[in-house]
Student: 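Have a look at this one before I ask anything.
In this text the structure is predicted, and so the values were computed from the model without any measurement.
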Amino acid sequence: MNILILEDDATIAMGLEYSLIQEGYTVITSRTVKQAISIIEEDKVDLALLDLTLPDGSGYEVCKVAKHNRDIPVIFLTACDDEVNVVLGLDMGADDYVTKPFRIRELISRIKSVLRRHNRTDRTKSVFQFDNIRINTLQAKVYKDNEEILLTALEYRLLLTFINNEGQVLSRNQLLQSIWDIAGDFVGDNTVTVYIKRLREKLEDNPSEPKIIKTVRGLGYKVG
């Protein structure tokens, strides 16, 4: 479980890092908004602890990116406890708001609570992110680098099968069954190969070395 700490006060950052590591979390620290946004975009972050006022901007900016990319849980840590700031942070999608000074045990309890809530709702989430690919299942749209990609019904159905079984190896037969009922003509083993090839050409930066739809030799394919 990776937690990002955005805090420009070195003493607070070090104390938080030590306490969270003791709880078994992996901690990534950042002192600037720019660096925090880069970490969220490049690395897997499971929760973000964000200070509000930074030398190069606001934690609100990082919150926007965290929520847009993968709906990452966000807890604001700040000395600004007036109602306007609290409401603004929550309206932007923040999951909690903790004012300084805070007790570390209380913060850890809030972190666990936010993660539990997020994990429950994550089962019914409608937006999925894989590298630079975003799938919005409510809109039935797929984006690459924020530009929409047009998929056929079969391609989209195949992609949905992968994201609904994220991290699992799916055999050709399992994939074949997932697209059989919407095909107008015969769907065979070769059809799966063809459609995976087409999906890779549309989704992957380098289809010959796929990073999203991966081949598990002798078993099948998987995403995630």
Student: Between Glu155 and Arg198, is there a donor-acceptor pair closer than 3.5 Å when you use the side chain of the first and the backbone of the second?
Tutor: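 The answer is no, because no donor-acceptor pair under 3.5 Å joins these two groups.
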
Student: Checking the side chain of Glu41 only, and the main-chain atoms of Ser38 only, is there a donor and an acceptor separated by less than 3.5 Å?
Tutor: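 No.
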
Student: Check whether any side-chain heavy atom of Leu47 sits under 4.5 Å from a side-chain heavy atom of Val114, and report yes or no.
Tutor: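 Leu47 vs Val114: side chains touch.
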
Student: Sequence neighbours left out, what pairs pass side-chain hydrogen bond (donor to acceptor under 3.5 Å, both in side chains) with at least one residue falling in residues 208-222?
Tutor: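 Qualifying pairs: Arg172-Tyr221, Arg200-Thr215, Asn206-Ser208.
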
Student: Are Thr137 and Leu160 close enough, and set up right, to give a side chain to side chain contact (heavy atoms under 4.5 Å, CB included), and what steps lead you there?
Tutor: CA-CA 8 Å; Thr137 57; Leu160 277 184; 3.7 Å; yes

Student: Grab the two heavy atoms, one from Ala66 and one from Val74, that are nearest each other, plus how far apart they are.
Tutor: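 Of all heavy-atom pairs spanning Ala66 and Val74, the closest is CB-CG2, 3.9 Å.
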
Student: Is there a side-chain contact between Val65 and Ile72 in this structure, where contact means two heavy atoms from C-beta onward sitting under 4.5 Å apart?
Tutor: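 Val65 vs Ile72: side chains apart.
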
Student: Okay, side chain of Gln35, backbone of Leu6: is any donor-acceptor separation there less than 3.5 Å?
Tutor: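 Answer holds: no.
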
Student: Side chain to side chain contact (heavy atoms under 4.5 Å, CB included) between Thr29 and Leu4: does it pass, once the steps are laid out?
Tutor: CA-CA 6 Å; Thr29 59; Leu4 168 66; over 6 Å; no

Student: Begin with the C-alpha distance, continue with both residues' side-chain angles, and end with the deciding distance and a verdict on side chain to side chain contact (heavy atoms under 4.5 Å, CB included) for Tyr97 and Ile75.
Tutor: CA-CA 6 Å; Tyr97 202 107; Ile75 298 177; over 6 Å; no

Student: Let me check something: do Leu49 and Phe102 share a hydrophobic cluster, defined by ILVMFWY side-chain heavy atoms less than 4.5 Å apart, either directly or through other members?
Tutor: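 Both belong to a single hydrophobic cluster.
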
Student: May I ask you to test the Ile37-Ile39 pair for a side-chain heavy-atom distance under 4.5 Å?
Tutor: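 Counting from C-beta outward, Ile37 and Ile39 never come under 4.5 Å.
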
Student: Which value, rounded to the nearest 0.5 Å, describes the distance between Gln22 atom CD and Glu17 atom CD?
Tutor: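 Interatomic distance, Gln22 CD to Glu17 CD, rounded to 0.5 Å: 11.0 Å.
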
Student: Find the distance between CD1 (Ile135) and CD1 (Ile149) and round it off to the nearest 0.5 Å.
Tutor: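 With rounding to 0.5 Å, CD1 (Ile135) is 9.0 Å from CD1 (Ile149).
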
Student: Can you confirm whether Lys34 is buried at NZ, in the sense that more than 12 heavy atoms of other residues, nucleotides or ligands lie under 6.0 Å from that atom?
Tutor: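 At most 12 heavy atoms, drawn from other residues, nucleotides or ligands, come within 6.0 Å of this atom.
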
Student: Does the Asp46 side chain pair with the main chain of Asn2, one donor and one acceptor, at a distance under 3.5 Å?
Tutor: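 Yes, the answer is positive, given that a donor and an acceptor are paired below the 3.5 Å cut-off.
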
Student: Measure across Ala36 and Ser30 and return the closest heavy-atom pair with its distance rounded to 0.1 Å.
Tutor: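 In this case the closest contact between Ala36 and Ser30 is N-OG, 3.2 Å.
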
Student: Would you mind telling me which of Leu199, Asn136, Leu150, Leu151 makes a side chain to side chain contact (heavy atoms under 4.5 Å, CB included) with Val142?
Tutor: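 That would be Leu151; it is the only one of Leu199, Asn136, Leu150, Leu151 passing the side chain to side chain contact (heavy atoms under 4.5 Å, CB included) with Val142.
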
Student: Taking the side chain as everything from C-beta on, heavy atoms only, tell me whether Val98 gets closer than 4.5 Å to Phe76.
Tutor: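 Counting from C-beta outward, Val98 and Phe76 never come under 4.5 Å.
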
Student: Are Val169 and Val223 linked, directly or through intermediate hydrophobic residues, by side-chain heavy-atom contacts shorter than 4.5 Å (ILVMFWY only)?
Tutor: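 The answer is no; the residues belong to distinct hydrophobic clusters.
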
Student: If we check side chain to side chain contact (heavy atoms under 4.5 Å, CB included) with Leu77, which of these qualifies: Asp9, Asp51, Leu107?
Tutor: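 Single pass found, and it is Leu107.
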
Student: Salt bridge check: are Asp95 and Lys67 linked by an N-O gap of less than 4.0 Å?
Tutor: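 Yes.
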
Student: Please tell me if the side chains of Ile133 and Glu204 come closer than 4.5 Å, counting only heavy atoms from C-beta onward.
Tutor: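 Sidechains of Glu204 and Ile133: no contact.
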
Student: One thing to verify: whether Arg105 and Glu23 come together as a salt bridge, which I'm taking to mean a side-chain N less than 4.0 angstrom from a carboxylate O.
Tutor: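 Between Arg105 and Glu23 there is a salt bridge, with a charged N closer than 4.0 Å to a carboxylate O.
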
Student: In Å, rounded to the nearest 0.5 Å, how long is the span from CG of Leu175 to CD1 of Ile196?
Tutor: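 Interatomic distance, Leu175 CG to Ile196 CD1, rounded to 0.5 Å: 5.5 Å.
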
Student: Looking at CZ of Phe130 and CD1 of Ile163, how far apart are the two atoms once the value is rounded to the nearest 0.5 Å?
Tutor: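 Spacing of CZ (Phe130) from CD1 (Ile163) equals 6.0 Å.
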
Student: Is it true that Tyr156 and Tyr143 fall in one hydrophobic cluster, defined by side-chain heavy atoms closer than 4.5 Å?
Tutor: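 No; tracing contacts between hydrophobic side chains, which count when under 4.5 Å, never links both residues.
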
Student: Tell me whether Ile104 is reachable from Ile111 by hopping between hydrophobic residues (I, L, V, M, F, W, Y) whose side-chain heavy atoms are closer than 4.5 Å.
Tutor: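 Yes, one cluster joins them.
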
Student: Would you name the heavy atoms of Leu50 and Cys63 that are closest together and state the gap between them?
Tutor: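 That would be CD1-N, 3.8 Å.
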
Student: How long is the gap from CG on Leu158 to OH on Tyr195, to the nearest 0.5 Å?
Tutor: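 Rounded to the nearest 0.5 Å, the CG-OH separation comes to 9.5 Å.
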
Student: Is it the case that over 12 heavy atoms from other parts of the model lie below 6.0 angstrom from the OH atom of Tyr18?
Tutor: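 12 or below, so no.
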
Student: Taking the side chain as every heavy atom from C-beta outward, state whether Arg134 and Lys141 have any pair of such atoms under 4.5 Å apart.
Tutor: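 Side-chain contact under 4.5 Å: no.
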
Student: Do Met14 and Tyr25 sit in one hydrophobic cluster, given that two such residues count as connected whenever their side-chain heavy atoms are within less than 4.5 Å of each other, even indirectly?
Tutor: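 No: no chain of side-chain contacts under 4.5 Å links Met14 to Tyr25.
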
Student: Main chain of Leu54, side chain of Ser58: is a donor-acceptor contact present, judged purely on distance under 3.5 Å?
Tutor: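 Answer holds: no.
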
Student: Does any non-hydrogen side-chain atom of Ile3 lie less than 4.5 Å from one of Ile28?
Tutor: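 Of all side-chain heavy-atom pairs linking Ile3 with Ile28, none is under 4.5 Å.
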
Student: Would Leu219 and Ser171 count as a side chain to side chain contact (heavy atoms under 4.5 Å, CB included) if you check the C-alpha gap in whole Å, the side-chain angles of each, and the deciding distance to 0.1 Å?
Tutor: CA-CA 6 Å; Leu219 297 176; Ser171 67; over 6 Å; no

Student: Does the side chain of Asn173 come within less than 4.5 Å of Val192's, by heavy atoms?
Tutor: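 They are not in side-chain contact.
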
Student: Considering residues, nucleotides and ligands other than Glu201, do more than 12 of their heavy atoms fall under 6.0 Å from its CD?
Tutor: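 Counting neighbours around CD of Glu201, more than 12 heavy atoms of other residues, nucleotides or ligands fall under 6.0 Å, so yes.
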
Student: Under 4.0 Å between a side-chain nitrogen and a carboxylate oxygen: does that hold for Arg110 and Asp96?
Tutor: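 A salt bridge links Arg110 with Asp96.
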
Student: Please answer whether the main-chain N or O of Leu170 pairs with a side-chain N or O of Gln168 as donor and acceptor at a distance below 3.5 Å.
Tutor: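 A pair under 3.5 Å: no.
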
Student: Keeping Ser113 on the side-chain end and Ser109 on the backbone end, is there a donor-acceptor pair under 3.5 Å?
Tutor: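 Not a single qualifying donor-acceptor pair exists.
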
Student: Once rounded to the nearest 0.5 Å, what's the spacing between atom CD of Glu148 and atom CD of Gln139?
Tutor: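 Separation between the atoms: 8.5 Å.
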
Student: Between Arg31 and Glu7, does any NZ, NE, NH1 or NH2 come within less than 4.0 Å of an OD or OE carboxylate oxygen?
Tutor: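 No, this pair does not count.
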
